[in-house]
Amino acid sequence: MTTNDSSFEVSTDQSRLDIPMIYRFLSEQSSWAVGISRPLVERAIENSLCFGAYLDGRQIGFARVITDFATFANLVDVFVLPEYRGRGYGKQLVGAVLRHPSLQRLRRFTLATNDAQGLYERFGFTTPRNPETLMERYFPNIYLS
């Protein structure tokens, strides 16, 4: 899948992904994966539907979807490099993710965010209807040990 908007493009072609840049951002700048190892990033990418965001051919953003392609998907690792934020690229990236043909008619599409609720609300995400039914095992500092 490729989406073009002038010089901005979103692609699911994994061969185009700038793995070193993705690893650097996740391990050093993200608020959710600091300290993650490169082998873990590579394994996560290999086993997910990944979206690269490109400006003039250079990757400036990333998103990853964990899914069974039938009933459920979880959107993770969404970012636009800091120097490109505030220009609408994040909205275009999330929009491309949600328009992907293999992610239509899913019963549940989830994500977790500490600070981007406004972005995701534009696309119909809300707090869980029945949060008391959701459970998790969460180890926030697992990559730092």
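Quick note: numbers below take in every heavy atom, side chains included, and nothing from hydrogens, waters or symmetry partners.
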Give the cluster check for L17 versus V76: same hydrophobic cluster or not, with ILVMFWY residues linked at side-chain heavy-atom distances below 4.5 Å.
no
Suppose we screen for ring pair (Phe, Tyr, Trp, His ring centres under 6.0 Å). Which residues come up paired with Y84, at least two apart in sequence or across chains?
none
State the CZ-CD distance between F69 and Q104, to the nearest 0.5 angstrom.
12.0 Å
Mind checking whether S31 and F79 have side chains closer than 4.5 Å, heavy atoms only?
no
State plainly whether the residues R58 and E9 are in salt-bridge range, i.e. N to O under 4.0 Å.
no
Non-hydrogen side-chain atoms of F72 and L106 separated by less than 4.5 Å:
no
Keeping the roles fixed (side chain from N141, backbone from L144), state whether a donor-acceptor pair exists under 3.5 Å.
no
Can you tell me which residue pairs pass the side-chain hydrogen bond (donor to acceptor under 3.5 Å, both in side chains) test with a partner in residues 124-139, sequence neighbours excluded?
none
Has Q14 got a side-chain atom pairing as donor or acceptor with R16's backbone, closer than 3.5 angstrom?
no
Donor-acceptor check, side chain of R87 to backbone of E83, threshold 3.5 angstrom: yes or no?
yes
Checking side-chain contact (heavy atoms from CB on, under 4.5 Å) against F62, which of D18, V80, I45 comes through?
I45
Ring pair (Phe, Tyr, Trp, His ring centres under 6.0 Å) partners of Y89, counting only residues at least two apart
F8
If hydrophobic clusters are built from ILVMFWY residues whose side chains come within less than 4.5 Å, do L26 and I66 share one?
no
With sequence neighbours left out, what residues match Y54 under ring pair (Phe, Tyr, Trp, His ring centres under 6.0 Å)?
none
Output a table of donor-acceptor pairs, distance under 3.5 Å, between side-chain atoms of residues 36-44 and any protein atom two or more places apart or on a different chain; print 'none' if there are none.
{"residue": "S37", "atom": "OG", "partner": "L40", "partner atom": "N", "Å": "3.3"}
{"residue": "R38", "atom": "NE", "partner": "E42", "partner atom": "OE2", "Å": "2.7"}

CG/L103 to CG/L98 distance, rounded to the nearest 0.5 angstrom?
8.0 Å
Please examine the side chains of Q29 and R24, heavy atoms only from C-beta on, and report whether any two atoms are closer than 4.5 Å.
no
Check whether the side chains of D13 and S11 place a donor and an acceptor atom closer than 3.5 Å, and report yes or no.
no
Candidate pair H100 and L49, rule side-chain contact (heavy atoms from CB on, under 4.5 Å), full reasoning
CA-CA 10 Å; H100 190 280; L49 176 60; 4.0 Å; yes
Of V78, T12, L75, the one forming a side-chain contact (heavy atoms from CB on, under 4.5 Å) with V97 is L75
With a sphere of 6.0 Å drawn around OH of Y143, does it hold more than 12 non-hydrogen atoms of other residues, nucleotides or ligands?
no
Taking atom CD1 of I60 and atom CE of M21, what is their separation to the nearest 0.5 Å?
8.5 Å
Set out, in order, the CA-CA distance, both residues' side-chain angles and the distance that settles side-chain contact (heavy atoms from CB on, under 4.5 Å) for V65 and F51, then state yes or no.
CA-CA 8 Å; V65 177; F51 296 78; 3.8 Å; yes
Return each pair, listed once, that meets side-chain hydrogen bond (donor to acceptor under 3.5 Å, both in side chains) where at least one residue sits in residues 66-81; pairs must be two or more places apart or across chains.
W32-D77, R64-D77, D68-T71, N74-T110
Tell me, do V94 and L119 make a side-chain contact under 4.5 Å, heavy atoms counted?
yes
